[in-house]
There are 4 protein chains.
Amino acid sequence: MSASLSLEEKKRRKRALILEAAVKLFSENGFAETPIAAVAKEAGVSFGTVFTYFETKDVLFQASVLEPLEEIKPYFHEIEERYSGNPMEMVKEMIHCQVDQFSKSMDYLRLIQQVLARPDRYPALFKELDDFVNVFIDKIYPVIAEGQGMGLFYKDAPPLIAQSYLSLINGMRLTFIDDYTNLVWNDMKIQALRLFGPVADAREEMQ
Amino acid sequence: MSASLSLEEKKRRKRALILEAAVKLFSENGFAETPIAAVAKEAGVSFGTVFTYFETKDVLFQASVLEPLEEIKPYFHEIEERYSGNPMEMVKEMIHCQVDQFSKSMDYLRLIQQVLARPDRYPALFKELDDFVNVFIDKIYPVIAEGQGMGLFYKDAPPLIAQSYLSLINGMRLTFIDDYTNLVWNDMKIQALRLFGPVADAREEMQ
Amino acid sequence: MSASLSLEEKKRRKRALILEAAVKLFSENGFAETPIAAVAKEAGVSFGTVFTYFETKDVLFQASVLEPLEEIKPYFHEIEERYSGNPMEMVKEMIHCQVDQFSKSMDYLRLIQQVLARPDRYPALFKELDDFVNVFIDKIYPVIAEGQGMGLFYKDAPPLIAQSYLSLINGMRLTFIDDYTNLVWNDMKIQALRLFGPVADAREEMQ
Amino acid sequence: MSASLSLEEKKRRKRALILEAAVKLFSENGFAETPIAAVAKEAGVSFGTVFTYFETKDVLFQASVLEPLEEIKPYFHEIEERYSGNPMEMVKEMIHCQVDQFSKSMDYLRLIQQVLARPDRYPALFKELDDFVNVFIDKIYPVIAEGQGMGLFYKDAPPLIAQSYLSLINGMRLTFIDDYTNLVWNDMKIQALRLFGPVADAREEMQ
DNA sequence: TATGAATGAGTGTTCATTCAT
DNA sequence: GATGAATGAACACTCATTCAT
């Protein structure tokens, strides 16, 4: 009802603006080759303002990695809650949601890869991502195990299967770059599923 | 018995030393965060010497990417020549060789990923890698097609299958970092194979 | 009483300080042998500050050449407006003003000579100076022509006479270096005048 | 008669080749912006060979300035011996020879100017040139004095007249650059003469 | 003697960070 | 809080000089 936003709200928006610009530029140009000045320009704020919201460049990078991670977490950690049906259907649904999620924020996947590629450079962030992965593996473990019991999935160790799936997602981001189309990602969903168990042709179901 | 090395030979060795150091450091720290001085120190030469062998830092990076690529090419481009048996056996053998190849030069895979992640930054290198991939896809196409005809492989478009395989390799490099063991890579070979066709358990064969 | 200087004014002054230091050092040591750090030190600022005001060393050199040129232009381009009397008196007056002008900013003359000596190195600056000279020649043309008509000046082509005059000024800067005194420059004014027409002894008038 | 040159002769020629290249490049690009490697290339010798003949870059520059100076000296120091007739004729002849001399080696004049412009940078060379000028002034003094006695020349101090003449030559090199033609230099000879005494039109005589 | 590889001092430029306004 | 000027550490690259061959 009030015409002017509250001061708090204004600040929150400016912070979000900067963070969004940071994710974009860090992912495009890498941490080292992204000057703070470029982030400020992209965000439409002055150079000094960036430092008002983020103490240092490293802090800005941390926030760029961790804050979007929180938004993605539900899709990876709330397996039983979000997906339903028998294990095969659950995994199908999960892949669908997760790949869509990443295909909508490909920038962000690049950021993650920068951290994964240099664990010594970003130890704290790396640990966060590692934890993220391990929780995912823990959560999906029973689903895979159940699927194996039902003869739907390969009998290999569930963590291995889970990791191969994550690897494929990461690798896809590197492999398909310029002419990105949803079609490719959709086709890839089947391939992802095949890491879990033999699937002759599930294309229509993955759309 | 041995005469002293020829000047040419000495130069070749020093160049190789520098290149090796560059691949190592570029892959560990990224292009932007690797000072030439660090490469020189790693190679045991003065930093001025690096410029004797490589005009600029960019040229050194190019060489770091392209020269090892030549060594790897045979494993990817001489499909029919190198691998034998029916399509399933050929692909098994190929995966075995290629994954071993990369697991022995994990540094190098990181370099490739830096290029793939920034096509605009490294347009010439990106094109080389893109060509490399496309030739691979062309070469493996008939093998996959034949396997499909024999009912061994999934019926999806062969290029799609090939790309998913490359994605998995790339992604594996990001996913398995610190505690690298041959075991993980070996287990992953089965997963890679499953992108081509249903394979209940081929572990013993992939060793 | 005085309010503190406005930010704009402060910036203008700092810029002028740097430019002044640059003119001094560039003229003394030449462009290539003047480190930016030396200019900064002379101006009493950190070397980073120089880059705040001048994008590159080349830009600083350009400004060092072009900005003082603007101050000198009136003495060379507003011939009819500034000088009066018959052609002989006008030229006398002009030489007096121009030589005084240069004798007060001998540093600057050295800068100009660096540009004149290397047209390919400083093409844009050279063109500016060339234009400057050509406009001067155009402006003084009618004065010389009139003086020739009155039998005061030699009958050679006015541009030739004008150029010989400019050459003398330039050469004087090279010839008289250490023990500069106004006396020499004053004596030279007569010699300059004699390039225009025969002047038995005009010393007293040139003072 | 002997087919192969003596070793001494070969060395002398190589040295001359290097020196010639040095004069050319130093005059075109300045001392600081002329790498030794460029001189070597221009001379068609290897990089290291330059150091065989000239200890350091400074020594090479010194030789580039001093050795051609010796060749030019006769034209400036053997006034009475070389030129004949009454003072006016002598000076005419002298100007003719000297300007021709410089118009044939304009490169060299640039080198001289580099030294003149930076006495503190090249103290020894500067002294040589200063001595050269002073000897010239001494030698021409009686000629001018005699011309003054005969009513041919202006009555100003002979050293002043001599210096104005040298200034004009130096300045001409700076003023006429790109479209150099002998015509301009010839026309300038009259102007040079007019610094000594009133000359209505001596063009035909200066050719 | 001729060569050019090895070296490292020197310098232009970038950019994170600080801080006065 | 917002701004952007000031600072100097860091780094790519050049090039004179040395020296082994």
Side-chain angles (χ1 to χ4, degrees), chain A residues 7 10-11 14-15 31-40 45-61, chain B residues 4-8 10-11 14-15 18 31-40 43-60, chain C residues 4-8 10-11 14-15 18 31-40 43-61, chain D residues 7 10-11 14 31-40 45-61:
Chain A
L7 202 62
K10 262 178 160 173
K11 282 170 59 178
K14 192 168 274 193
R15 189 178 182 285
F31 176 78
E33 295 186 62
T34 302
I36 293 270
V39 175
V45 303
S46 88
F47 171 64
T49 301
V50 176
F51 288 94
T52 305
Y53 290 88
F54 302 92
E55 271 188 334
T56 67
K57 195 184 179 185
D58 271 287
V59 167
L60 176 59
F61 187 69
Chain B
S4 69
L5 274 64
S6 75
L7 196 63
E8 276 307 305
K10 261 179 155 176
K11 281 174 62 178
K14 191 162 277 190
R15 189 178 182 285
I18 294 169
F31 177 78
E33 296 187 60
T34 302
I36 291 268
V39 175
V45 301
S46 86
F47 84 85
T49 300
V50 176
F51 288 96
T52 302
Y53 290 87
F54 301 93
E55 277 189 333
T56 65
K57 195 184 178 187
D58 270 287
V59 168
L60 177 58
Chain C
S4 70
L5 273 64
S6 76
L7 197 63
E8 276 306 306
K10 261 180 154 174
K11 280 173 62 177
K14 189 161 278 192
R15 189 179 181 285
I18 293 169
F31 177 78
E33 296 186 60
T34 302
I36 291 267
V39 175
V45 302
S46 86
F47 81 84
T49 300
V50 175
F51 287 95
T52 304
Y53 290 87
F54 302 93
E55 276 188 334
T56 65
K57 195 185 179 186
D58 271 287
V59 167
L60 178 58
F61 187 69
Chain D
L7 202 61
K10 261 178 163 174
K11 282 169 63 177
K14 193 168 273 193
F31 176 78
E33 296 186 60
T34 302
I36 293 270
V39 175
V45 302
S46 89
F47 172 63
T49 300
V50 176
F51 288 93
T52 304
Y53 290 87
F54 302 93
E55 270 188 336
T56 66
K57 195 185 178 186
D58 271 287
V59 167
L60 177 58
F61 187 69

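Quick caveat, the model's predicted, so the values are computed rather than measured. Convention: sequence-line order gives letters A, B, ...; per-chain numbering from 1.
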Against the side chain of F51(B), the closest entry in dT3(E), dA16(F), dA12(F) is dA12(F)

E33(B) atom CD is separated from dT14(E) atom C1', nearest whole Å, by 14 Å

note: E8(B), atom CD; dT3(E), atom C1'; distance rounded to Å ~ 13 Å

Result for 5'-nearest mapping on DNA chain F, choosing between D58(B) and G48(C), is G48(C)

Taken to the nearest whole Å, CD1/I36(C) to P/dC13(F) is 19 Å

Phosphate OP1/OP2 of dA2(E): any K14(D) side-chain N/O under 4.0 Å:
yes

(Q) dT11(E), OP1 or OP2 - any side-chain N/O from K57(C) closer than 4.0 Å? (A) no

Whole-Å distance, F47(D) CZ to dA20(F) P, equals 16 Å

>> Looking only at side-chain N and O atoms, does S46(B) offer a donor or acceptor that is under 3.5 Å from a partner on T49(B)?
In response: yes

Here the distance between atom P of dG12(E) and atom CZ of F54(C), to the nearest Å, is 15 Å

Scanning both residues in full, the closest heavy-atom pair of A43(C) with I18(C) reads CB-CA, 3.9 Å

Side-chain contact check for S46(C): nearest option of dT3(E), dA6(F), dT14(F) is dA6(F)

Between A40(C) and F47(C) the two heavy atoms that sit nearest each other are CB-CA, 3.4 Å

Rounded to whole Å, the CZ-C1' distance (F31(D) to dC15(F)) equals 12 Å

Looking at side-chain heavy atoms only, is the closest gap between Y53(A) and L60(A) below 4.5 Å? no

Shortest non-hydrogen pair, A32(A) vs K57(A), comes out as O-NZ, 3.9 Å

Stems in DNA chain F, runs of 3 or more consecutive Watson-Crick or G-U wobble pairs with both distances under 3.5 Å, sorted by first number, are E:2-21 with F:2-21

Result for side chain to side chain contact (heavy atoms under 4.5 Å, CB included) between K11(C) and one of E8(C), R15(C), K14(C) points to E8(C)

inquiry  = Side chains of F51(C) and I36(C), heavy atoms from C-beta outward: is any pair under 4.5 Å?
reply    = yes

| query | Is any side-chain nitrogen or oxygen of K11(B) closer than 4.0 Å to OP1 or OP2 of dA5(E)? | reply | yes

**Prompt:** For T49(C) and dT7(F), is the shortest distance between a side-chain N/O and OP1 or OP2 below 4.0 Å?
**Reply:** yes

Of the listed dA5(F), dT7(F), dT14(E), the closest approach to the Y53(C) side chain comes from dA5(F)

Winner on side-chain proximity to P35(B), out of dT3(F), dT13(E), dA12(F), is dA12(F)

